[in-house]
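Structure record follows, encoded as structure tokens.
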2 protein chains.
Amino acid sequence: MKNGAKVDVINLGDELLLGLRDNGHLSYLGEQLSRHGLRIRRNLVIQDDPNEIREHMQSAWSDADLVITTGGLGPTSDDLTREVISEVLGLKLEFVESIRDSLQEWFDRIGRPLTANNLKQCYVPEGAEVLPNPLGTAPGIFLKKDEKILVMLPGPGHELHRMFEERVLPRLEEEDLSASEEQYLQLRSFGIGESALENKLFAVLNKHPEMSVGYCAHQGLVDVRLSLVNGNGSLAGLRETGEQCMEILGEDFVCFGHDSLAEIALSYLRAHDQTLAVAESCTGGLLSNAFTDIPGASQTFTGSVVCYSEEAKIEHLAIPEIILQQHGIVSAETAVAMATGVAEKYSSDYGLSATGFAGPTGGTEENPIGTIFFGLHTPSGAWSHRVTLPGNRFMVKARGVNTAIDWLRRKLTKYQMHDAFSNLEYFLGAGI
Amino acid sequence: MKNGAKVDVINLGDELLLGLRDNGHLSYLGEQLSRHGLRIRRNLVIQDDPNEIREHMQSAWSDADLVITTGGLGPTSDDLTREVISEVLGLKLEFVESIRDSLQEWFDRIGRPLTANNLKQCYVPEGAEVLPNPLGTAPGIFLKKDEKILVMLPGPGHELHRMFEERVLPRLEEEDLSASEEQYLQLRSFGIGESALENKLFAVLNKHPEMSVGYCAHQGLVDVRLSLVNGNGSLAGLRETGEQCMEILGEDFVCFGHDSLAEIALSYLRAHDQTLAVAESCTGGLLSNAFTDIPGASQTFTGSVVCYSEEAKIEHLAIPEIILQQHGIVSAETAVAMATGVAEKYSSDYGLSATGFAGPTGGTEENPIGTIFFGLHTPSGAWSHRVTLPGNRFMVKARGVNTAIDWLRRKLTKYQMHDAFSNLEYFLGAGI
């Protein structure tokens, strides 16, 4: 693999500059490239305007090894991207029959006529490889010239993703520009802040200048991404360093990779043939949703009750009225009664509950806005857990969900440790 | 207001280029600026590296009227942004006592010592205005030089947002660069695709070259944003054009602004003193969550049941077993029974339900993956509605939720029309 390839990404799109949507192409390409040993040097978002494209394409092409563009390949008359870029590269546009055939097929399938507008999409710079687009009409372009590579991708996300993974990554690897094996390792943690985590891992990561380290905090989770860039270091070294970090993190280590907390918790439960039900008030359905986002969840997740009123708690979860009267809706006692109630109602082994104040109104002096009590019912007992979370209603809900599932994960991991310790072979194997 | 101001936004941050997070600063600033009559010409994301900053700051400053930077103002030794930018502008850095005082106060409050590192944050280019940062340690900078303006903002989102709205927008207005009144209008629609919508509105919007038009489709919603840029056009014209578009859209028009479908539906129900309960399977909690995202939802939204198993449907929603046997879990009959069951269970006026196949497994020839039946129970009858939605599990869930609530919205609007027509004053007022 070549060292130190300079990669520039140019996004064309007025809607990005108007703030109509996040630039998901940048985060997608940034992640994909760093997973394969490349790193974006610069990202430029410009209007879909010939002068802008000409100026910035010239500048990128004069200095970068790989230029990736997104957008501007559609059939509308404003899309002059192809023309301007061919001009900058000093190439003619040529008509490609095979593109016309694919377009004809596409339009036949959807039962609409192929218009003259669409035929514009059949022109590509001479010598370019055409990247078929099974999900849309605009084909992509892969072009080698002057020891440089140009990749042009369509704007819609699902078209771009498929084309990049199926067509572009293999070609970049053939050109010895990227690595086939993933050159990165992600550790996911929960329960420790970003800067505290950085301090904890400093002693280990400081020894590895060949690795680029990125941190990303989201709703209580902090991901640490270790990447080998530009062909330095080895995958074995990456793995070893990752394992050292895992040791340091202890219970706060969630997983390697991108699994959600709910995936981790459900896989523990599934492995032990146990089921889970949920009762929630302040999280309002979001806790259930975290579990039902996982394909096949129905084997393990039996269902949930979202109680938004006191009556609902009494009637649907059979919570004794005396508990609500004595301790209030937002209390450890109610949380435990909700967890036990829903586990019984759905005949589940485990019950997980959340009751609290998400804001902007509600809260007491003792339990201000952001306070949530979680309840956990298990075959061997029931517990509660209280937190006060910062932020607005959405942040409290989202972080509350993660905190609940992380708590469940920790409890389950402890059980599993206990199971392991009660296994004689484990003791013998460990030499105890 | 000056016409045609050129605005460049430069984001410093390796984490953006590594794809660790979306560039939320671009979408935030893009929206804020277009709401106040300005438009971003270019956005550049670069590494926090002195050479990169020097090169691109020089280029932006030579050509733009307003340059906004984000990030690179922290206390760590890598943050050389201040130094490099002062150098490019040909200005010295000067130590500002008032920043030191605020920092001292901040560190006293959190009970930690002020370190030498932090004192770096007290240096600003000579002549710059300091923008206080009530939520963090890095102050912002507002600088006028050579008829141009430089704004430097801190990286963390909540610090940036508050500083931009409280300090930067008023200053831009004073400098006659932006407008005080919002120069934009957003129409939200559902049920019509982006390009069909564009065609429908073409005749009206084509008459207004002074307005910039942006479309954004998300999970079945399509937003149309009309903006006056660079001081052209009038707010009255904007309103009038918006109303013409509304007429054309008819039932597909959801609202002006940013309200969610759930907000619209709940506000109808609240106005009529009606309550709503939800029963969902394939949407797994996300439908409930859309309603509970709204502050004060508990007055109207009584609660929900997420049934992930057949037993749960029979037991908790009292659905006759014969219906499930005869029609199956994913059917119009079951959807209606779920809606009626949950409305009765929660003593609610309305019940809304969803049952379907979100994928990746499940589905039948008749009802493939992506098929959802919705049920609606109302005081005057019960209905069902069937859709087949494209995409993966997450897309089907998210779009299914929007489709369900939009269907409820349409039904409610019809009722309200009916109420209105039965109101004599309405007839008199309309001259019928």
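In what follows, chains carry the letters A, B, and so on, assigned in the order in which the sequence lines appear, proteins first and then strands, with residues in each chain numbered from 1.
Side-chain contact, Thr302(B) with Thr275(B): no donor N or O sits under 3.5 Å from an acceptor N or O.
Shown here for Cys307(A) and Ser281(A), the closest heavy-atom pair between the two residues is O-CB, 3.1 Å. Residues Phe357(B) and Val396(B) share a closest heavy-atom pair of O-CG1, 4.2 Å. Across every non-hydrogen atom of Ala60(B) and Asp8(B), the tightest pair is CB-OD2, 3.8 Å. The shortest heavy-atom contact between Tyr308(A) and Phe301(B) is CB-O, 3.5 Å.
Chain B forms more heavy-atom pairs under 4.5 Å with one residue of Asp22(A), Ile10(A), Ile46(A) than with any other, namely Asp22(A). Note on Gln32(B), His56(B), Gln186(B): by heavy-atom pairs under 4.5 Å with chain A, the leading option is His56(B). For the options Cys216(A), Ala290(A), Pro295(A), heavy-atom pairs under 4.5 Å to chain B are most numerous at Pro295(A). Of the listed residues (Gly285(A), Gly284(A), Gly303(A)), the greatest number of heavy-atom pairs within a distance under 4.5 Å of chain B belongs to Gly284(A). Comparing Glu280(A), Arg39(A), Arg35(A) by heavy-atom pairs within less than 4.5 Å of chain B, the highest count is held by Arg39(A). Comparing Ser34(A), Ser298(A), Ala297(A) by heavy-atom pairs within less than 4.5 Å of chain B, the highest count is held by Ser298(A). Ranking Glu52(A), Arg21(A), Glu15(A) against chain B, the residue ahead of the rest is Glu52(A), based on heavy-atom pairs under 4.5 Å.
Using modelled atom types, one side-chain atom of Asn43(B) and one backbone atom of Val9(B) make a donor-acceptor pair closer than 3.5 Å. Between the Arg225(B) side chain and the Leu18(A) main chain, a donor and an acceptor come within less than 3.5 Å of each other.
In this structure, chain A has a heavy atom under 4.5 Å from the side chain of Phe394(B), while its backbone stays farther away. Only the backbone of Tyr215(B) comes within contact range of chain A, with heavy atoms under 4.5 Å apart. Contact of Ala279(A) with chain B is not made at all, since no heavy-atom distance falls under 4.5 Å. Proximity to chain A is absent for every atom of Ala398(B), based on heavy atoms less than 4.5 angstrom apart. Using a 4.5 Å cut-off between heavy atoms, His316(B) contacts chain A through its side chain alone, with no backbone atom that close. Contacts between Thr283(B) and chain A at a heavy-atom distance below 4.5 Å involve the backbone alone (N, CA, C, O). Only the backbone of Ile294(A) comes within contact range of chain B, judged by heavy atoms closer than 4.5 Å. Interface remark: His158(B) contributes no atoms to any contact with chain A (heavy atom separation under 4.5 Å). Glu55(A) touches chain B through its side chain: at least one heavy atom from C-beta onward sits under 4.5 Å away, while N, CA, C and O do not.
Side-chain atoms of Arg41(B) and Gln47(A), non-hydrogen and from C-beta on, do get closer than 4.5 Å to each other. The shortest side-chain heavy-atom distance between Leu26(A) and Ile40(A) falls under the 4.5 Å cut-off.
The CG atom of Leu276(A) sits 9.5 Å away from atom OG of Ser288(A), with the distance rounded to the nearest 0.5 Å.
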